[in-house]
Amino acid sequence: MTLIMNMADEDKMNNCDRVTGFRNIVVLTGSGISAESGLATFRDSGGLWAKYRIEDVATPEAFTRDPSLVQDFYNMRREELGKVAPNKAHYALAELEAELDGKVMVVTQNVDDLHERAGSKNLLHMHGELAKARCLSCGSVLSWRESINPHDRCTDCGLHDCLRPHIVWFGEIPLYLNEIDEALNEADLFISIGTSGSVYPAAGLVAAARALDIHTVEINMEPSDGQHFFHEGHYGPAGEMVPNFVNALLGR
Ligand code: OAD
């Protein structure tokens with residue numbers, strides 16, 4: 001386990017004193033928080049983008065060109081959800097939300113449902129959700145835990161061959177940007193967990209937090225691309241590092 005501090009010594013002391021004083025926390029999570037549950041990350045060796053090309057499975061153009069290839073990719077990933085469970089990091093964040101004398105908002109880039117299954121309530125899925133389908137005809141977003149197939153009908157408008165995964169693809173605008181902005185404007189602590197910081201606008205949230213004078217903490221297996229933006233970095237597996245940090249925040 002490595003702890004890297006990017007602050008001046010005096011600031012370090014101030015922030016050690018402040019570790020239990022935060023009242024409004026925004027947590028950004030990425031695929032690294034679900035790795036110990038058994039879900040693949042994207043850019044690690046053996047990650048999803050080493051096996052699939054983004055242009056083939058994660059763009060609107062790919063869906064127009066070859067809808068079954070795209071549906072198969074997300075059907076497979078939706079099926080995986082039934083075989084995995086939240087890990088200690090997901091549970092620690094749910095505990096933080098329940099026990100902090102203040103507000104915790106989890107903003108996740110993950111399309112899995114492990115945060116909600118661990119008990120997080122204040123949660124925004126900025127890249128969409130595997131367990132939902134969206135109707136291309138009427139726009140309804142439907143709870144959808146099975147495979148999406150061409151003969152499936154939208155339960156709202158009744159049309160068939162019109163459902164797509166409720167996933168934000170490359171070239172599309174992430175969800176809840178206003179809500180994320182509002183949460184950040186109220187926050188006094190920003191924590192980034194398990195993300196390489198490669199995809200915007202999520203990767204830019206740390207710079208936005210710094211501009212708002214919010215204390216910033218990175219918890220990741222290794223320093224991310226945006227490492228220099230963080231006041232503090234805690235490096236190691238999320239299942240170990242997140243519960244430790246949450247315990248410190250809750251003054252345990
Ligand atoms: P990446 O694969 O880019 O990064 C995962 C990060 O998690 C890496 O920095 C790893 O070092 C770290 N990591 C791996 N295992 C870990 C563990 N056990 N504990 C802590 N950290 C660990 O995945 P994301 O940053 O989530 O978007 O990728 C962001 C977006 O890119 C995804 O939401 C997805 C992808 O393309 C879309 O599909 C729109």
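Throughout, residue positions are numbered sequentially from 1 according to the sequence presented. Both counts, for ligands and for their atoms, begin at 1 and track the order of listing.
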Taking atom CD1 of I214 and atom CZ of F22, what is their separation to the nearest 0.5 Å?
10.5 Å
At a 4.0 angstrom heavy-atom cut-off, ligand 1 is contacted by G30, S31, G32, A35, E36, T41, F42, R43, D44, W49, Q109, H127, V168, F170, G194, T195, S196, V199, N220, M221, E222, G236, P237, A238
Over 60° means perpendicular and under 30° means parallel, so tell me whether F63 and W169 are parallel, tilted or perpendicular.
tilted
Running the 4.5 Å side-chain criterion over Ile, Leu, Val, Met, Phe, Trp and Tyr, what cluster does L142 land in, apart from itself?
W144, I148, L163
Name each donor-acceptor pair under 3.5 Å that joins a side chain in residues 149-161 to protein atoms two or more places apart or in another chain, with its distance.
unit_1, atom_1, unit_2, atom_2, d
D152, OD2, N149, N, 2.6
R153, NH1, G158, O, 2.8
D156, OD2, S140, OG, 2.5

Could you check whether the rings of H215 and H231 sit parallel, tilted or perpendicular, using 30° and 60° as the cut-offs?
parallel
Show me the pairs that pass salt bridge (Lys or Arg N to Asp or Glu O under 4.0 Å) and involve residues 29-51, at least two apart or across chains.
none
